[in-house]
There are 2 protein chains.
Amino acid sequence: MAKRADVLDLAVLGLLHDSPLHGYELRKRLATVLGPFRVLSYGTLYPCLKHLSEQGWITSSDVAPGAGRRARIVYELTAAGKEHFDALVDESGPASWEDESFGVRFAFFARTPTEVRLRILEGRRSRLEERLDSISTSVARSRERADQYTLELQRHGLESVQREVRWLNELISHERGETPPRDT
Amino acid sequence: MAKRADVLDLAVLGLLHDSPLHGYELRKRLATVLGPFRVLSYGTLYPCLKHLSEQGWITSSDVAPGAGRRARIVYELTAAGKEHFDALVDESGPASWEDESFGVRFAFFARTPTEVRLRILEGRRSRLEERLDSISTSVARSRERADQYTLELQRHGLESVQREVRWLNELISHERGETPPRDT
DNA sequence: AATTTCATGTAATTCGTTACATGATTCC
DNA sequence: GGAATCATGTAACGAATTACATGAAATT
C-alpha cells in the first residue's frame, strides 16, 4: 500500500528516469515537479536517496572532480527502480496518497501508458466531485451561522474545484479522442 | 514569532470566540474553517486543547450528562485568549505561516478590523505575485527539457494563481471602496 | 441486537523542517 | 579578498497521523 513518503520516491525516480543526476541538481528539478513553491530541504532529500539506494532502486557513484566541476555523487536508476516507478505511478491507494501524488504523476505522463493516464485523471476527477459534495453539505449545514466572509471563502473554494473538474474533463476527452501530444 | 502550530490555535480560538464548544463539536466545525477536505484527528485536537488550557487562553469545564445529552468537556475562551487571538490574526511572520493561515484568518474576517483585513489580503497578493515570478522563471529554465504534459501542468498552475490574484484584487477594492459586508 | 454516532483521550510512528557542520569553486 | 553558489550530509526538533483504548447513547 502506498504511503505518503512514496510521493518523494516517485518524484526522484521519475527525474532519474531521464538521466542520472546528483543531489544538488535533483533538488532544483524537484521544485518543478512538486510545484515551484515547495523547496525540499537536504534533510529530506539525502535520507531519501540513501533509502532508495538501500532498496536497490538507484545506484550511486562518485564522480571525480573533472575540468571545472567538483566531486559529486551521481545517482542512477536501476532496472528494479524502473519497475518500482511504474508500479508507483499505476498504484491506487487511499485518497490522500492519490491527492498528493497527482501532480507528480501528471508531470511524468509522457512516460505513462494512455490507459493509466486515464485512470489517474478520472480518479482525480471523482475525488474532486466528492469534495464538491462535501462542500455543498457543509455550506448547507452552516448557512445560518456563517457570515459574508465565510460564505465568500466557501464560494471561492467551490469555484476553484469546479474549474479543476472542467480542466480534467478537457484532458480526459483529449486522451480519449486523439493521439496524445507525445508518446514514448 | 508565529509558528506552524499556531494555525490550529488560531482556528480553535476563533471558533470559541462565538460560543463555548466541546472537542467533538469543535472538530466538525474546524472542517469548515480549515477547508472541508481536511479532517483533523483527535490525536492533534486534544493535545492542542490541553496546550491552550495550560497557556490560560481557554478554560475547560465538565458538563454533567443532562437530558438526552451525555457528559462532555466544554471549552471557553478567556480574556487572555481573546487577546492572543487578536495578536495571532494581526501577526505577520514567515511566508509559510502567512500562506497556511490565510484561509483561517479570512474565515474570521467578520471580527477583524478593516485595516488588518487589508494587510492580510495585500500580503497574500504579494506572495502570490512572487510565486508567479518564480513559476515564470522555472518555466523559462526548463522549456527545452519539458514535454507537453509538464507544460500543461505549469500552465494550469499559473492560471490558478492568476485567478486568485484577481479574486484578491476584487476583495481589496471592495474593502477600500465601501462599507464592509458586516462589521462587528 | 447490532451498528452508528457521540465523546475523550494516549502511544508510537512518520514526515519533514531548521539549524548545524564542512568545505571547494567561481564570480566580483 | 569576500560573497555567492556548488555540494553533501547529520542532529534535534516539531507537527500531525495512525492505531490503540474505552465506553455510553441513539438509531435501525
Side-chain N or O of [X] versus OP1/OP2 of [N]: is the shortest distance under 4.0 Å?
X     : N      : result
A:K50 : D:dG9  : no
B:S41 : D:dT18 : no
B:T44 : D:dT17 : yes

Starting from [atom2] on [N], measure out to [atom1] on [X] and report it in whole angstrom.
X     : N      : atom1 : atom2 : result
A:H51 : D:dG9  : NE2   : P     : 16 Å
A:L49 : D:dA7  : CG    : P     : 14 Å
A:W97 : D:dT17 : CH2   : C1'   : 17 Å
B:L40 : D:dA16 : CG    : P     : 8 Å
A:R27 : D:dT8  : CZ    : C1'   : 12 Å
A:L52 : D:dG9  : CG    : P     : 13 Å
A:L21 : D:dT8  : CG    : P     : 11 Å
A:D62 : D:dG9  : CG    : P     : 8 Å

A:V74: hydrophobic cluster co-members (side-chain, 4.5 Å): A:V63
Side chain to side chain donor-acceptor pair (under 3.5 Å) partners of B:E129, counting only residues at least two apart: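 By the side chain to side chain donor-acceptor pair (under 3.5 Å) rule, B:E129 matches no residue at all.
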Show me the donor-acceptor pairs, under 3.5 Å and distance only, between side chains in residues 48-56 of chain A and residues at least two apart or in other chains.
{"unit_1": "A:S53", "atom_1": "OG", "unit_2": "A:L49", "atom_2": "O", "d": "3.1"}

What pairs of nitrogen or oxygen atoms, one from the protein and one from nucleotides 4-7 of chain C, lie under 3.5 Å apart?
{"unit_1": "C:dC6", "atom_1": "OP2", "unit_2": "B:Y24", "atom_2": "OH", "d": "2.7"}
{"unit_1": "C:dC6", "atom_1": "O2", "unit_2": "B:R70", "atom_2": "NH1", "d": "2.8"}
{"unit_1": "C:dA7", "atom_1": "OP1", "unit_2": "B:R72", "atom_2": "NE", "d": "3.3"}
{"unit_1": "C:dA7", "atom_1": "OP1", "unit_2": "B:R72", "atom_2": "NH2", "d": "3.1"}
{"unit_1": "C:dA7", "atom_1": "OP2", "unit_2": "B:H22", "atom_2": "NE2", "d": "3.1"}

Under the rule for salt bridge (Lys or Arg N to Asp or Glu O under 4.0 Å), what residues qualify as partners of A:D90, not counting sequence neighbours? A:R119
A:D18: partners by salt bridge (Lys or Arg N to Asp or Glu O under 4.0 Å), with sequence neighbours left out: A:R111
Got a donor-acceptor contact below 3.5 angstrom from the A:S160 side chain to the A:H156 backbone?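 Confirmed, A:S160 side chain pairs with A:H156 backbone.
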With B:I73 via side-chain contact (heavy atoms from CB on, under 4.5 Å) - residues at least two apart: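 In terms of side-chain contact (heavy atoms from CB on, under 4.5 Å), with neighbours along the sequence ignored, B:I73 is linked to B:S60, B:D62, B:Y75.
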How far apart are the C-alpha atoms of B:I58 and B:E76, what are their side-chain angles, what is the distance that settles it, and do they pass the side-chain contact (heavy atoms from CB on, under 4.5 Å) test? CA-CA 5 Å; B:I58 61 175; B:E76 196 163 349; over 6 Å; no
Could you give all pairs that pass the salt bridge (Lys or Arg N to Asp or Glu O under 4.0 Å) test and reach residues 148-164 of chain B, with sequence neighbours left out? A:E159-B:R163, A:R163-B:E159, B:R124-B:E164, B:E152-B:R155, B:R155-B:E159
Roughly how bent is the helix from C:dA1-D:dT28 to C:dT14-D:dA15 end to end, in steps of 10 degrees, with each end axis from five pairs? 30°
